[in-house]
Amino acid sequence: MNETDAKGLLDLGVEIRIKNHGEAKYPKEPLAGVTSIPATGQAGGTIDVTTFSDPVKVYIPDRPDTGDMDYEYIYTLIKYNAVKAYCDNTAKDILIKYPEGDGAEYTGICQTWRNEKSVGSDALKATLHTVPSTLIVDKTKDEVSALISTTAE
C-alpha cells in the first residue's frame, strides 16, 4: 500500500463547511472540527409488486432515503455559536471534505444542540443535525477545491 492509499484510511483531515444556499463559495476555513460524520448513502426501500400469478414475491426499488445527517463536535461556546449561526431554518449547502480531498455535497436545514454528559465521560459534545432536501452528490478532489474560497472572509 502506498502513502496515497493509506491516507484514505485515516480520518485526519475530514472537514465540513456550510454556506447559505446559492452562495458561490464555501468559507476557506472549515466549520467547528467534527468528531463524527454520517454515512452519505443509504439503501432505498423496496415496494412489493407481487401479483397472484407470481410464484415468489416481487419487489422494485423505492427512492433512496438520505435520512438525517448528524455530525458531532466538541462543545465550546465559540464553536456552538458558529454552528448556531447557520441554524436559521433556511436552506444551507453542506460540504463534507474527506482526507484525500474528495467529498460530498447536499442542501438541507440545520439544527444544533448540546449533547448529554455524565461525570468522567468524554469531553462535552454538541450535535449538528441536518435534514437533507436534495440528493447527496459525490464530488471529486478538483470539484471540492473549486467550491472552497481561497480567501478569508
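- At a threshold of 4.5 Å between non-hydrogen side-chain atoms, the residues Lys19 and Leu147 do not count as touching.
- Atom CD1 of Ile47 sits about 7.0 Å away from atom CZ of Arg63, to the nearest 0.5 Å.
- Residues passing the side-chain hydrogen bond (donor to acceptor under 3.5 Å, both in side chains) test with Glu29, sequence neighbours excluded: none.
- Residue-environment remark: NZ (Lys141) stays at or below the threshold of 12 foreign heavy atoms within 6.0 Å.
- A 4.5 Å side-chain heavy-atom check between Leu95 and Val144 finds at least one atom pair inside the cut-off.
- For the side-chain hydrogen bond (donor to acceptor under 3.5 Å, both in side chains) test, no residue two or more places apart in sequence or in another chain qualifies with Gln111.
- In this structure, Thr35 has no side-chain hydrogen bond (donor to acceptor under 3.5 Å, both in side chains) partners at least two apart in sequence or on a different chain.
- Just one of Tyr73, Tyr86, Tyr71 meets the side chain to side chain donor-acceptor pair (under 3.5 Å) condition when paired with Thr112; it is Tyr73.
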Anything under 3.5 Å between a donor and an acceptor, one on a side chain of residues 123-131, the other on a protein residue two or more places apart or in another chain? List them.
from, atom 1, to, atom 2, distance (Å)
Thr127, OG1, Asn115, OD1, 2.7
Thr127, OG1, Asn115, ND2, 3.1
His129, ND1, Asp70, OD1, 2.5
Thr130, OG1, Met69, O, 2.8
Thr130, OG1, Tyr106, OH, 2.6

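- With sequence neighbours excluded, no residue forms a side-chain hydrogen bond (donor to acceptor under 3.5 Å, both in side chains) with Lys84.
- When all heavy atoms are compared, the tightest approach of Asp93 to Gly22 is OD2-N, 3.3 Å.
- Between the side chain of Lys139 and the backbone N or O of Gly101 there is no donor-acceptor pair closer than 3.5 Å.
- Take Asp88 and apply the side-chain contact (heavy atoms from CB on, under 4.5 Å) test, not counting sequence neighbours, and it matches Thr90, Lys92.
- Qualifying side-chain contact (heavy atoms from CB on, under 4.5 Å) partners for Ala91, counting only residues two or more places apart in sequence or in other chains: His21, Thr107.
- In this view, Thr150 satisfies the side-chain contact (heavy atoms from CB on, under 4.5 Å) rule with no residue, not counting sequence neighbours.
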Verdict with reasoning, Tyr26 to Glu105, per side-chain hydrogen bond (donor to acceptor under 3.5 Å, both in side chains): CA-CA 11 Å; Tyr26 286 93; Glu105 183 183 39; 2.7 Å; yes
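- Remark: Tyr98 engages no residue in a ring-ring contact (aromatic ring centres under 6.0 Å, His included) (not counting sequence neighbours).
- The nearest pair of heavy atoms linking Pro27 to Ile18 is CD-O, 3.5 Å.
- The ring-ring contact (aromatic ring centres under 6.0 Å, His included) search around Tyr75 returns Tyr80, not counting sequence neighbours.
- In this structure Ser36 satisfies the side-chain contact (heavy atoms from CB on, under 4.5 Å) test together with Glu72, sequence neighbours excluded.
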Step-by-step side chain to side chain contact (heavy atoms under 4.5 Å, CB included) determination, Ile74 to Lys79: CA-CA 8 Å; Ile74 303 294; Lys79 289 179 185 178; 4.1 Å; yes
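- Environment of CD1 in Ile60: crowded, with over 12 heavy atoms of neighbouring residues, nucleotides or ligands closer than 6.0 Å.
- The OG1 atom of Thr40 lies 11.5 Å from the CG atom of Leu135; values are rounded to the nearest 0.5 Å.
- Linking Ile, Leu, Val, Met, Phe, Trp and Tyr whenever their side-chain heavy atoms come within less than 4.5 Å leaves Ile109 and Ile136 in two separate clusters.
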Name the atoms and distances for all side-chain donor-acceptor pairs under 3.5 Å in residues 49-56, with sequence neighbours left out.
from, atom 1, to, atom 2, distance (Å)
Thr50, OG1, Asp48, OD1, 2.6
Thr50, OG1, Val58, N, 2.8
Thr50, OG1, Val58, O, 3.4
Thr51, OG1, Ser53, N, 3.4
Thr51, OG1, Ser53, OG, 3.0
Thr51, OG1, Asp54, OD2, 3.0
Asp54, OD2, Thr51, N, 2.7

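- Both Leu77 and Leu31 are part of a single hydrophobic cluster, where members link through side-chain heavy atoms under 4.5 Å apart.
- Contact between Gly108 and Ile94 at its shortest, heavy atoms only, is N-CD1, 3.9 Å.
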